[in-house]
Amino acid sequence: MIEILTPTELARAKDTGALVADILQTLKGRSAVGTSLLDIDRWAAAMIAEAGAQSCYVDYAPSFGRGPFGHYICTAVNDAVLHGRPYDYALADGDLLTLDLAVSLGGVAADSAISFIVGESAPPESVALISATERALSAGIAAAGPGARIGDISHAIGTVLSAAGYPINTEFGGHGIGSTMHQDPHVSNTGRPGRGHRLRPGLLLALEPWVMADTADLVTDADGWTLRSATGCRTAHSEHTIAITEDGAEILTLPEQAHA
């Protein structure tokens with residue numbers, strides 16, 4: 001299903017996006033050396049409940065996972081890249097942590113992910129991975145606008161990731177979003193311009209470039225959810241929910257300080 005939001009629904013989407021961005025930035029600030037992934041999950045649950053929102057993850061049970069996810073946020077560390085199921089792990093200095101969060105508020109969902117390095121260390125490989133996904137995300141957003149096609153976004157993202165030297169996995173990518181978290185159209189992280197669904201005002205998309213340092217192959221953890229790089233290399237993931245408007249693309253999950 002490809003859903004086009006009404007102006008009223010779009011206003012709700014902005015509220016949801018602002019909540020997602022606020023929660024992620026709060027969790028980033030609390031994620032220090034020694035913090036448990038389970039603490040991050042508990043904090044996320046509390047903030048979602050306090051806002052009167054609903055988790056898109058806790059009861060989520062798609063075909064690629066093993067039963068309901070059972071947690072409120074995805075926490076992926078180092079070689080984990082997607083669907084990271086929180087567990088009793090204490091963060092260490094230099095860990096590359098990705099937090100991926102989707103919630104619904106007022107009947108409209110928003111989805112965003114951030115990758116960052118924990119502690120004082122700044123391993124060059126990790127810095128480069130994060131930078132590539134952030135630059136690819138910016139390129140994808142710049143390519144989105146009324147009349148453009150999904151392939152234009154995919155091509156823009158893939159061009160940046162390929163230029164940075166990273167293999168691109170096409171099993172998982174961006175997606176439509178609205179009254180539910182995952183909708184059509186699929187937005188691959190590489191593609192051909194001028195192809196695919198034409199963008200219309202009112203369409204919401206979650207764009208999410210993600211990479212692994214030296215492979216495009218994934219392996220699934222014993223938890224049935226967490227996806228890791230097949231070689232054990234580090235990974236990164238950046239995501240925003242955007243709204244297609246008459247004037248272009250509006251980022252709904254931008255942190256408040258980034259608006260200043």
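Just so it is clear, the model here is predicted, and its values are computed rather than measured. Numbering of residues begins at 1 and proceeds along the displayed sequence.
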Contact between Ile242 and Ile244 at the side-chain level, heavy atoms closer than 4.5 Å - yes or no? yes

Pro193 and side chain to side chain contact (heavy atoms under 4.5 Å, CB included): which single residue from Asp152, Ile150, Thr159 fits? Asp152

Please walk me through it: do Asp217 and Asn169 pass side chain to side chain contact (heavy atoms under 4.5 Å, CB included)? CA-CA 7 Å; Asp217 295 328; Asn169 177 290; 5.8 Å; no

Atom pair OG1/CH2 of Thr133 and Trp210 - distance to nearest 0.5 Å: 12.0 Å

Decide, yes or no, whether a salt bridge links Arg42 with Asp39 under the criterion of side-chain N to carboxylate O below 4.0 Å. yes

Any non-hydrogen side-chain atom of Leu218 less than 4.5 Å from a side-chain atom of Met212? yes

Cluster question for you: counting only ILVMFWY and a side-chain heavy-atom cut-off of under 4.5 Å, with indirect links fine, are Phe116 and Leu27 together? yes

Membership question, hydrophobic clusters at under 4.5 Å side-chain separation (ILVMFWY): are Leu19 and Ile73 in the same one? yes

Would a 4.5 Å heavy-atom cut-off, applied to side chains only, mark Val211 and Val81 as touching? no

Using side-chain heavy atoms (C-beta onward) and a distance below 4.5 Å, is Leu207 in contact with Val187? yes

Got Ile2 and Pro185 here, is their nearest side-chain heavy-atom distance under 4.5 Å? yes

Quick check: does any side chain N or O of Asn78 sit under 3.5 Å from a backbone N or O of Leu96, one acting as donor and the other as acceptor? yes

Side chain to side chain contact (heavy atoms under 4.5 Å, CB included) between Gln25 and Glu256, worked out: CA-CA 9 Å; Gln25 290 303 309; Glu256 185 175 343; over 6 Å; no

For Arg195, is there any backbone N or O sitting under 3.5 Å from a side-chain donor or acceptor partner on Arg149? no

Quick one: which of Phe69, Tyr57, Phe64 gives a ring pair (Phe, Tyr, Trp, His ring centres under 6.0 Å) with His83? Phe64

Residue pair Leu5 / Glu3, side-chain heavy-atom distance below 4.5 Å: yes

For residues Ala230 and Thr215, report the shortest heavy-atom separation together with the two atoms involved. N-CG2, 4.0 Å

Taking all atoms of both residues into account, what is the closest heavy-atom pair of Gly173 and Glu208, and its distance? O-OE2, 3.1 Å

So how far is it from Asn189 CG to Leu137 CG, rounded to the nearest 0.5 Å? 9.5 Å

Would you give the length of the straight line joining atom CD1 of Ile48 to atom CG of Leu105, rounded to the nearest 0.5 angstrom? 11.0 Å

Taking all heavy atoms of Pro167 and all of Ala213, pick out the closest pair and write down the distance. CD-O, 4.0 Å

Exercise: identify the closest heavy-atom pair between Leu161 and Ala136: CD2-CB, 3.6 Å

Assigning hydrophobic clusters by single linkage (Ile, Leu, Val, Met, Phe, Trp, Tyr; side-chain heavy-atom cutoff under 4.5 Å), is Leu99 placed with Met47? yes

Hey, quick one: are Met181 and Phe172 part of the same hydrophobic cluster, counting side-chain heavy atoms closer than 4.5 Å, chains of contacts allowed? yes

Passing candidate, side chain to side chain contact (heavy atoms under 4.5 Å, CB included) with Thr241, options Val20, Ile251, Asp111: Asp111

From Glu171 CD over to Ser188 OG, what is the distance, rounded to the nearest 0.5 angstrom? 11.0 Å

Does any N or O in the side chain of Ser131 come within less than 3.5 Å of the main-chain N or O of Val127, such that one atom is a donor and the other an acceptor? no

Residue set satisfying ring-ring contact (aromatic ring centres under 6.0 Å, His included) with His240, at least two apart, ordered chain then number -> none

Between the OG atom in Ser104 and the CZ atom in Arg12, the distance rounded to the nearest 0.5 Å is 10.0 Å

Is it true that Leu24 and Val58 fall in one hydrophobic cluster, defined by side-chain heavy atoms closer than 4.5 Å? yes

Distance from Thr26 atom OG1 to Trp43 atom CH2, nearest 0.5 Å? 11.0 Å

Of the non-hydrogen atoms in Leu199 and Gly145, which two are nearest, and what is the gap between them? CB-O, 3.4 Å

4.5 Å side-chain heavy-atom contact, Thr75 and Leu38: no

For a quick check under 3.5 Å, do Tyr89 and Asp95 share a side-chain donor-acceptor pair by atom type? yes

Salt bridge present between Asp223 and Arg66 (N-O < 4.0 angstrom): no

How about CZ on Arg30, more than 12 heavy atoms from neighbouring residues, nucleotides or ligands closer than 6.0 Å, or not? yes

Exam field: side chain Thr98 to backbone Ser115, donor-acceptor pair closer than 3.5 Å: no

Closest contact, heavy atoms only, Gly174 versus His186: O-ND1, 3.5 Å

Looking at Ser112 and Glu239, would you say the former's side chain and the latter's main chain have a donor-acceptor pair under 3.5 Å? yes

Side-chain donor/acceptor of Ser126 to backbone N/O of Ala122, under 3.5 Å: no

Would you say Val77 and Val118 make side-chain contact, with heavy atoms under 4.5 Å? no

Hey, which of Thr235, Thr220, Asp221 is the one that makes side-chain hydrogen bond (donor to acceptor under 3.5 Å, both in side chains) with Arg228? Asp221

